[in-house]
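A short write-up of the structure that comes next.
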Amino acid sequence: MAGSVPMPDVKALVFDVFGTVVDWRNSVAREVEAVSRAKGWAIDAYAFADRWRALYQPSMDPVRRGEKPYVRLDDLHRQSLVALLAEFGLDPLPADELDHLNRVWHRLDPWPDCVPGLTRLKRRFILATMSNGNVALMLNMAKRAGLPWDMILGAEPARNYKPVPSVYLTGADWLDLKPSEIMMTAAHNGDLAAARALGFRTAFVLRPTEHGPGQAKDLKAEADWDQVVNGMDELADRLGC
């Protein structure tokens with residue numbers, strides 16, 4: 001294929017999911033807006049989604065530092081949601097409604113290029129997640145969105161959270177591959193840097209609207225990653241799929 005860059009040593013591609021494969025911001029805001037209308041809340045659904053996401057990294061830090069045992073991301077998201085309702089001055093939701101809204105992270109929409117691009121990549125490579133999302137979250141998301149993963153890897157198998165090295169290395173071990181035979185694919189430079197330091201190949205996927213119109217980070221590749229592309233379809237082109 002014209003313009004392709006064969007990488008015969010690469011046998012698997014592993015993917016960051018939130019932001020790289022799925023559009024979390026618009027998906028979460030849409031469901032928050034629906035709940036807001038039903039409850040009569042006077043809130044900005046995008047501000048709520050952004051604030052929820054802002055609590056994502058801090059919620060994982062005690063696990064990364066070894067201060068607390070591993071807790072699934074679903075549980076961390078729920079704790080953050082309870083705190084957010086109070087922060088926004090909203091009454092607590094009944095348990096069933098709280099659980100349903102919390103599981104919006106299971107129902108995120110993929111970016112338009114992802115299902116066709118991943119389907120092409122799957123013809124040649126093993127495809128797996130390398131996400132901080134727990135296994136059930138990843139499976140439910142994939143089932144709904146048609147994401148063609150061969151395997152779910154990442155935080156829950158390793159009982160820790162990226163960028164802790166064991167998360168990436170557990171994935172390599174479960175695939176029975178060397179890190180150099182795996183390409184970490186992400187829209188986040190930091191994720192790729194952590195993987196490259198362990199010997200993984202790297203692909204940067206530009207997602208300049210992940211955080212909305214005011215996005216201020218990950219607007220370009222910040223290192224000489226093996227691949228720099230605008231979407232999964234372009235990555236498939238580059239890898240000759």
Side-chain angles (χ1 to χ4, degrees), residues 15-61 71-115 129-147 149 152 154-156 161-162 186-188 190-191 205-219 231-232:
F15 295 80
D16 172 71
V17 177
F18 299 119
T20 301
V21 176
V22 294
D23 176 8
W24 61 265
R25 187 173 189 263
N26 284 308
S27 302
V28 171
R30 181 182 62 238
E31 293 210 25
V32 169
E33 177 62 30
V35 174
S36 181
R37 287 196 303 270
K39 296 291 183 181
W41 294 345
I43 64 168
D44 181 331
Y46 280 98
F48 193 98
D50 289 338
R51 182 65 183 136
W52 199 353
R53 182 64 174 176
L55 297 175
Y56 170 75
Q57 294 291 350
S59 73
M60 295 181 284
D61 282 342
V71 178
R72 288 174 177 167
L73 187 62
D74 273 343
D75 296 326
L76 296 179
H77 273 154
R78 195 178 193 278
Q79 293 167 16
S80 296
L81 177 56
V82 170
L84 272 182
L85 293 173
E87 181 179 316
F88 276 72
L90 304 170
D91 291 334
L93 290 171
D96 59 338
E97 295 179 24
L98 185 72
D99 288 341
H100 180 75
L101 181 55
N102 188 53
R103 288 171 70 88
V104 64
W105 298 94
H106 294 225
R107 301 187 293 272
L108 305 180
D109 295 335
W111 297 109
D113 57 274
C114 282
V115 172
T129 66
M130 186 59 70
S131 171
N132 284 328
N134 48 286
V135 172
L137 189 164
M138 290 288 110
L139 286 174
N140 291 336
M141 180 195 296
K143 191 71 171 177
R144 176 183 177 274
L147 300 170
W149 307 127
I152 305 298
E156 191 165 12
Y161 287 107
K162 296 185 300 180
H188 311 121
D191 202 352
V205 183
L206 183 64
R207 298 296 186 201
T209 62
E210 176 192 351
H211 295 276
Q215 182 162 324
K217 63 179 182 178
D218 293 317
L219 293 172
M232 300 304 172

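It should be emphasised that the depicted structure is a prediction, and the values quoted were computed from it without experimental measurement.
A donor-acceptor pair is defined here as one N or O able to donate and one able to accept, closer than 3.5 Å; such a pair exists between the side chain of Asn134 and the backbone of Asp74. Between the side chain of Ser36 and the backbone N or O of Trp41 there is at least one donor-acceptor pair closer than 3.5 Å. Arg25 places no side-chain N or O within 3.5 Å of a backbone atom of Glu210 that could act as its donor or acceptor partner.
You'll find the side chain of His100 stays beyond 4.5 Å of the side chain of Glu97, heavy atoms only. Residues Val21 and Met232 have side chains in contact (heavy-atom distance under 4.5 Å, counting atoms from C-beta outward). You'll find the side chain of Asp99 reaches within 4.5 Å of the side chain of Arg78, heavy atoms only. Between Lys143 and Asn140, every side-chain heavy-atom pair lies at or beyond the 4.5 Å cut-off. Residues Met141 and Val22 form a side-chain contact, since some pair of their non-hydrogen atoms from C-beta on lies under 4.5 Å apart. Within the 4.5 Å cutoff, side-chain heavy atoms of Val104 are placed close to those of Arg107.
Nearest heavy atoms, Ser131 versus Val17: CB-CG2, 3.8 Å. In terms of heavy atoms, Asp218 sits closest to Ala187 at CB-O, 3.3 Å. Here the shortest heavy-atom pairing between Leu85 and Asp91 reads CD1-O, 4.4 Å. The nearest pair of heavy atoms linking Leu108 to Val28 is CD2-CG2, 3.9 Å. When all heavy atoms are compared, the tightest approach of Ile43 to Val32 is CD1-CG1, 4.0 Å. The shortest heavy-atom contact between Leu147 and Pro110 is CD2-CB, 4.1 Å.
Summarising the geometry, atom CG belonging to Leu101 is positioned 7.0 Å from atom CD belonging to Glu31; distances are rounded to the nearest 0.5 Å. Note that CG of Asn102 and NE2 of His77 are 7.5 Å apart. Values are rounded to the nearest 0.5 Å. Taking CE of Met138 as the reference point, atom CD of Glu156 lies at 10.5 Å (rounded to 0.5 Å). In this structure, Asp191 CG and Met130 CE are separated by 9.0 Å, a value rounded to the nearest 0.5 Å. Rounded to the nearest 0.5 Å, atoms CZ (Arg144) and CG (Leu139) are 15.0 Å apart. Within the model, atoms CH2 of Trp24 and CH2 of Trp52 stand 11.0 Å from one another, a figure rounded to the nearest 0.5 Å.
For Phe15 and Trp149, the gap between ring centers is short of 6.0 Å.
A donor and an acceptor atom, one from each side chain of Asp16 and His188, are located under 3.5 Å apart.
Residues that satisfy the side-chain hydrogen bond (donor to acceptor under 3.5 Å, both in side chains) test with Asp23, not counting sequence neighbours, are Asn26. Scanning for side-chain hydrogen bond (donor to acceptor under 3.5 Å, both in side chains) contacts around Trp111 gives an empty result, with sequence neighbours left out.
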Step by step, work out the side-chain contact (heavy atoms from CB on, under 4.5 Å) result for Lys217 and His211. CA-CA 9 Å; Lys217 63 179 182 178; His211 295 276; 3.8 Å; yes
For a side chain to side chain donor-acceptor pair (under 3.5 Å) check, start with the C-alpha distance between Tyr161 and Asp61, then their side-chain angles and the critical distance, and finish with the verdict. CA-CA 8 Å; Tyr161 287 107; Asp61 282 342; over 6 Å; no
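A salt bridge is defined here as a Lys NZ or Arg NE, NH1 or NH2 lying under 4.0 Å from an Asp or Glu carboxylate O, and Asp109 with Arg30 meets this definition.
Within the cation-pi definition used here (under 6.0 Å to the ring centroid, within 45° of the axis), Arg51 does not qualify as a partner of Phe48.
Relative ring orientation between Trp105 and Phe18 is described as perpendicular, the plane-to-plane angle rising above 60° on a 0-90° scale split at 30° and 60°.
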